[in-house]
Amino acid sequence: MEYCPVKYPDQFNQAISKNKAIHIYYSQAIPLITYIDESCLYLKEKKCRICEAVCKNNAIDFNQTAEKVEIKAGAIVLAPGFEPFDPRLREDYGYGKFANVVTSMDYERLLCATGPYEGEVLRSSDLKHPHKIAWIQCVGSRQVTPGGSSYCSAVCCTYTQKQVILTKDHDAAAECAVFHNDIRSYGKDFERFYQRAESLPGVRFIRSYVSVVRENPETKSVTIRYATTADGVKEEEFDMVVLSVGLNPPADFKDLADKFKIELNGHGFCQTDPVNPVETSRPGIFISGAFQGPVDIPESVFSASGAGSRCGELLTARRGDLARERVYPPERDASGEEPRIGVFVCHCGANIGRIVNVPEAVEYCKTLPNVVHAQEQLFSCATNCAGEITDMIKEKGLNRVIVAACSPRTLEALFRDTLREAGLNQYYYEMANIREHCSWVHPKEKEEATRKAKDLIRMSVARSRHLEPLMEIELPVNKAALVVGGGIAGMTCALSIAGQGHEVHLVEKETELGGTARRIHDTLEGLDVQAYLRDLIKKVYRHPLIHVYTGAAISDAAGYVGNFVTVVRSEGRVFEIKHGATVIAVGADIYTPAEYLYGEDERVMTHLDLEERIAKGDAKVTNAASVVMIQCVGCRNEDRNYCSRICCSESIKNALKLKAINPGTDVYILFRDIRTYGYNEDYYREAAGKEVRFIRYEPHDPPLVEAVAEGGKSILKVTATDYVLGKKLELDADIIALAAAIIPAAGARELENLFKVGLNPDGFFKEAHVKLRPVEFAAEGVYLCGIAHYPKLIKETVSQAYGAAGRVLTLLSSDTVTASGSICAVDENKCISCGACIAACKYGAIEFRETPLGRKAAVNPVLCKGDGLCNAKCPTGAIQLKHFTDDEILSQIDAALLEEESAERDQAVV
Amino acid sequence: MCTGRVDLAHVLRAFSKGSDGVFIGGCRLNECNYITHGNYHALNKVLLFKKIMAHLGLNPERLKIEFMSSGEGNLFAEVVDHFIKQVKELGPLGQGEGIDENGLKLKLKAFTKLIPYIRLVESERLRVHFTTIEEYQAFYSSEELERLFRELIAGKLAISQIVLLLREKPLSTGEMSAILGLTPSEISRHLSSSARQGLVRYDESGKRFVLA
Amino acid sequence: MNIKVPAVTGMERAKERHAKSLAGANFGDVLVAGGGISGIQASLDLANAGFKVYLVEKGPAIGGHMAQLDKTFPTNDCSM
C-alpha cells in the first residue's frame, strides 16, 4: 500500500479522508487482505503496476477477470441492508455546499478511532474541533416531498442521542442541540438513553422545524433558523451541523427485485407478508434485516435468525447432509511440563500501537521467567497471525499462550480455537487486555500506558503459570422444546420448531390459546387479527408434533441446557416434561389506570377496550360525537420509566377506524411524542389529514379529566394546555380512551426463579445482550420472544418468534452441547464438611458424598455454572473454581504489586 | 466468574502487598447474571471487611464496591477516577493513618490468619437477605451487628495480634497495650482467654507473657 | 461444528454418496445475499443448524454499515 501512487476518497470513511487504490477496506475487515478498486491507474489507463512488482508473495494478478459462478441452493435469504439517505438530493440542507454540514454517517466515522482523523472530531474546513454542534432530525424521512421518504426511519432519534453522548465523551465542554419533531425513543432502554443524553450539561432538545440558512464566509460556521413556542423565531450559529439522515432502500433494490422476482413495496423496500417480515412474495426466498424497512440492530438480528428458521423448515429433510466435521489434531498432555510461555503482543492496527510502545513491551516479556517466546503482531486476530500463533506453539513447544490485545469478550473463543488447532488444551490460553483496559482509556499518556501494559502482561504471565488443562463436557441434547405461553409468539415459535421435526410442548395458563391477541381485531395495515388467530390456533392443534396444555401451571423446573425437566399441571393432571430447550413467551399485561377517572366513570376506558367496543359496533362508541385519547398513561413516568412502544399506533388505528365509521366524530389525541416509527408514520399523516386533532402536553402539565354536572347530565371535560395557541383548551368528551401502559406479565417473577432467567429493572425479561443476542438469556438453552421481552407490534412479535425458533434449532439440531470447562471442584483433603458451599449454591450443583476420606462435598460438573461464590464461602479453600483458582488470582495480585517496582502504586482494581 | 467469587483473602493480599486502595466492581444489585446474586454476597463481605479495617485503625474508605452494568463504561471511568483521587488524599496505607510499617504489617498479618474463621462466621452468623444497599448499611451500623462483632471477631483479632507479637519476644501487659493501642484491662481479658485456650502463659522469671 | 454420525444404514450411505458428489459442486442449502449484520447472523444460525451456506457480499469485506458505526445504542458497545 505504501507504494501505490493513487490517492482517492475513501468510501468507508464517507469520502472524508483519502486512501490508496490498493488498500484494506478497513482495519478490522474480514477478510483482512488488500484489494484494488476501480481508481487504480492500471485498471483505468494501463499505467503503473508498481504494487505487483513490490509484492513478495506474487499475490497481485492484474489479469484477473470476473468469474461467473453458478450456485444451486435450496433457499435464499436476501440481506442487502439499506442505504443512508443522501441529502444532496435536497439542496436546502447545504450538504455538499457548506463544508461543515455533515451527515450522521460522516459524523460516525469522525467519532471512530479508525476514522479519517483517528477519532478526533474535526471540521473539514479548518481541521479544528467543533464545540457547538447541531443535529437536525428526520432528514429524508417523514417527508412527502420528492426525494424524501414518507416513513419514519425509526433509529435516528436514538442514534443521535448516542452521538451526543459520545461527543460529550470526546469534549466535555461541547454544546449540543438536537432539533426534532417528536423524539421516537420507543424501544427497550431507549427512554432511559434519551434521558441520559438530555441530562448531560450543555445539551438541548429543541422541538422545532429548522432551515439551514447560511454559512459564515470566514469561520465557515453554519446558521440555523428555528422557532419555538416560547421564544418565537431565532437564528443560531453552530460550528458543525449533523444531518440525521434516514434509511433508504439498498442502492440496487430494483435490480434485486428483478433478478429474484420478488415484489417491492411502495417505498422500495421488500414487500413482505403483513404478519411476517421475513417472508417475500416468492416461496423459498426470505429476507432479513433492514431490507424489510427501517429497523434497528436487535430486530435485524432476530429477523435473520427468523429467516434461518424459515429456511430450516423448508430444508429440514436434508439438514446435515452437506455438513463436514471439524477435526482438530489430537491434544498433547502438557500437564507435567515446565511452563513454556509464548506472548503475542498485538498492535491492533493503531488502536494499541499508537499509544503503547509494543516493541518495548515485547522486549520486556522476554525478561519474564518462563517466557520462551515473545513477538509483536499487527492484528493477532487476522487469519495469518492466528496461524502464526499455531505455528509457534508447535515450533517452540509452547504450553501457555498469552495474547496481549483486546478484551476476552471479543476474541477469547477465536484464540482458544487457535490453541486447539495446535494440539494444545484451550484452557492454557490467557488474554491480557491492553486495549479496552489500557490504550483506549489512556490515549494521552503513552509512557504510563506502556508501563501499565507491561504490568498487565506480567500479571497474565504470572496467572498463566498456574493454568491447568480443562475438559469441556459434551452433554446429550433432548430434542424436544418447551414453549411457555400460547399467544401469537408462543404459537408461531412452536410451529416453526415443530416444522423442523422437533416435538414441542406448548403450555398456556388460560383455558384458551391466543393471549393478548384475543382482544385485538385488526392492525393498521388492515389484517383481520381474529381470523389470523383462529387459523394459527387451528394449525397448532393440528400439528402432530405439538402437545398443547391449557389451564396449565408450572410447578417445578430443573435441569440444564439440553436436559431440562419441567413439571406442568394442566386440567387436573401432572406431566413431567423432558426437553432440551425452553422458550419464554408469556406475554404481558396492561396497566389498570388509576388516573383520569378510570374505574369511576364507565365512559373512560383503555385503548384496547375502545378497540373491542368499536369491533363490536357499540353505538355509544361509534356514534360518539367526541372521543378524546390520552397517551402515555402509566408509563414514561417515575413508576415506569419506559415507553410502551405501540400505543401511539394503537390510538391512531382506533382514530382512523372511528373516522371511517363516522367522519363527523371529533377525535383528539393528547400526546407527549407521537411515536409512529417505521411505516406507521404514514398512518399518522393520514389521521392528521382526516382531521384527527393532535394536541401535545408536557409531562409536568398533564390533561385534567373531570365529570361536570351540566344541564342535568354529567359531562366529561378534558382540560389541556395547547402550546401552539398558548392557552388552555376545554374539550367535552363522550368517550375517553387511555393509552394504558403495557406492563410485565403477572407471573414473570415466578418464572425468573423457575427457569433461572433475569428481569430487567422494568420487569420485562432480560435478554443475554440487547443487540446481539435479543432472543436468548444468559442462561443457556432458554429463549425469549414476544411482548414478554418488550411491547411490540404483531409483525415484530412474529419476527422475533421465528428468531427464537431459529436459535432453538441451533441447539436442538445438534446431538450434543458443550459445557464450559471452568467449573468448581473440591479438594477432598481440605474439605471439612461444613456445608457452606452447598448452602451458597442456588444451582444445586454441590452435594455431600461418601468418600474413603469421609463425607465430603462434591460438585456435579453438569450443573455448575462457574460463578465461584462457593469458593468465597469455603473456610479452607477446598472448593476452587477451575481457571479462576485462588492461586491464579493471588498470583495476578502479587504480580501487579511487585515490590521491586519502586514507583508509587495507587490501587489494584479487582 | 461472579463478583461473589471475590474473597476477603484477595482484598487482604492486595493491601498486604502494597496497595493503598482496592476497588470492586459488580453487576447492579438484582441484575446478577447468575441466580446466586453473588453481588449481594460481595457487598456483605465488603461491609464486614470495612468494619474490621476500622476496628484495626485503617481507613475503611480505602475499600470500595460499586455496582454498574457492563454497558456503563463512562460511569466506571468516573467512579474509578474519583476513587483514585480519594485514595491519593488518604495517603499511603498505614502512613495515612499514623501507623508505622511494623504496626501495619502486624495488623494485616493478624487479619490474614483469621480469614478462614471469618469466612465461617460470615456464612453462619451473618447470613442476611436484604435487597438494597441501604438495608445492608443499616445492618452494619446496628447494635446487633456491633454485638456480634465484639462477641465473635474483635476478641479473636486481638488475640491473633498478641500471638504474633509474642512470637517475636516476650512482652508485658503494658508493653502490649502500647503497641496495640488497647487498654491494659482489655489486654488482660484477651490474655486470660488466650491462656485458657492454651496459647499463652505467664513467665514468672521474666515477668512477661510468652507463647505456651 | 461436530456432527456425530450414528451407525450407517444403506439409505444413509446412499445419501452420503449423493452429498459427496454434490459437495464439490456449487450446491448449497442456502444462499445468503448480503454480508451485513443480518446476513452474517442468518449464515451462522443456518450453519450451526446443519446447513451449507454460501454468503455472498458485494463489498471487499463483510460487516456492512454496522462496521462503519463507532458505537451502538443503547449500550454504547463498540460496533465491531
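Values below: every heavy atom of this structure, side chains too, minus hydrogens, waters and symmetry copies. Per chain, numbering begins at 1; letters A, B, ... match sequence-line order.
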Given the options [options], which has more heavy-atom pairs under 4.5 Å with chain C than any of the others?
options: A:R109, A:E70, A:Q161, A:R192; result: A:R109
options: A:L111, A:N13, A:T158, A:I76; result: A:T158
options: A:G81, A:G803, A:P84, A:S309; result: A:P84
options: A:L110, A:V155, A:L315, A:V69; result: A:L315
options: A:V301, A:L809, A:L78, A:T818; result: A:V301
options: A:D37, A:D189, A:I297, A:I287; result: A:I297

Qualifying salt bridge (Lys or Arg N to Asp or Glu O under 4.0 Å) pairs, either residue in residues 296-308 of chain A, two or more places apart:
A:E299-A:R645
side-chain hydrogen bond (donor to acceptor under 3.5 Å, both in side chains) partners of A:S407, counting only residues at least two apart:
none
Let's test your reading of the structure: which of C:L44, C:L46, C:I40, C:V53 forms the most heavy-atom pairs below 4.5 Å with chain A?
C:L46
Heaviest contributor of heavy-atom pairs below 4.5 Å to chain A, chosen from C:P60, C:S43, C:G34, is C:P60
Using heavy-atom distances under 4.5 Å, tell me whether [X] contacts chain C through its side chain, its backbone, both, or neither.
X: A:Q163; value: neither
X: A:F82; value: both
X: A:Y35; value: side chain
X: A:I71; value: both
X: A:V770; value: side chain

Answer whether the closest heavy-atom distance between the side chains of A:P80 and A:F253 falls below 4.5 Å.
no
Pair A:Q14-A:E108, side chain to side chain donor-acceptor pair (under 3.5 Å): steps then yes or no:
CA-CA 9 Å; A:Q14 300 290 109; A:E108 197 73 35; over 6 Å; no
Is any NZ, NE, NH1 or NH2 atom of the basic residue among A:K259 and A:D252 found under 4.0 Å from an Asp or Glu carboxylate oxygen of the other?
no
Salt-bridge test for A:K188 and A:E767: reply yes if a basic N is under 4.0 Å from a carboxylate O, no otherwise.
yes
Mind running side chain to side chain donor-acceptor pair (under 3.5 Å) on A:Q292 and A:S799 for me, showing each step along the way?
CA-CA 11 Å; A:Q292 68 187 268; A:S799 184; 5.2 Å; no
May I ask you to check whether A:F190 and C:F73 place their ring centers less than 6.0 Å from one another?
yes
Would you confirm whether A:H502, through its side chain, and A:S813, through its main-chain N or O, come within 3.5 Å as a donor-acceptor pair?
no
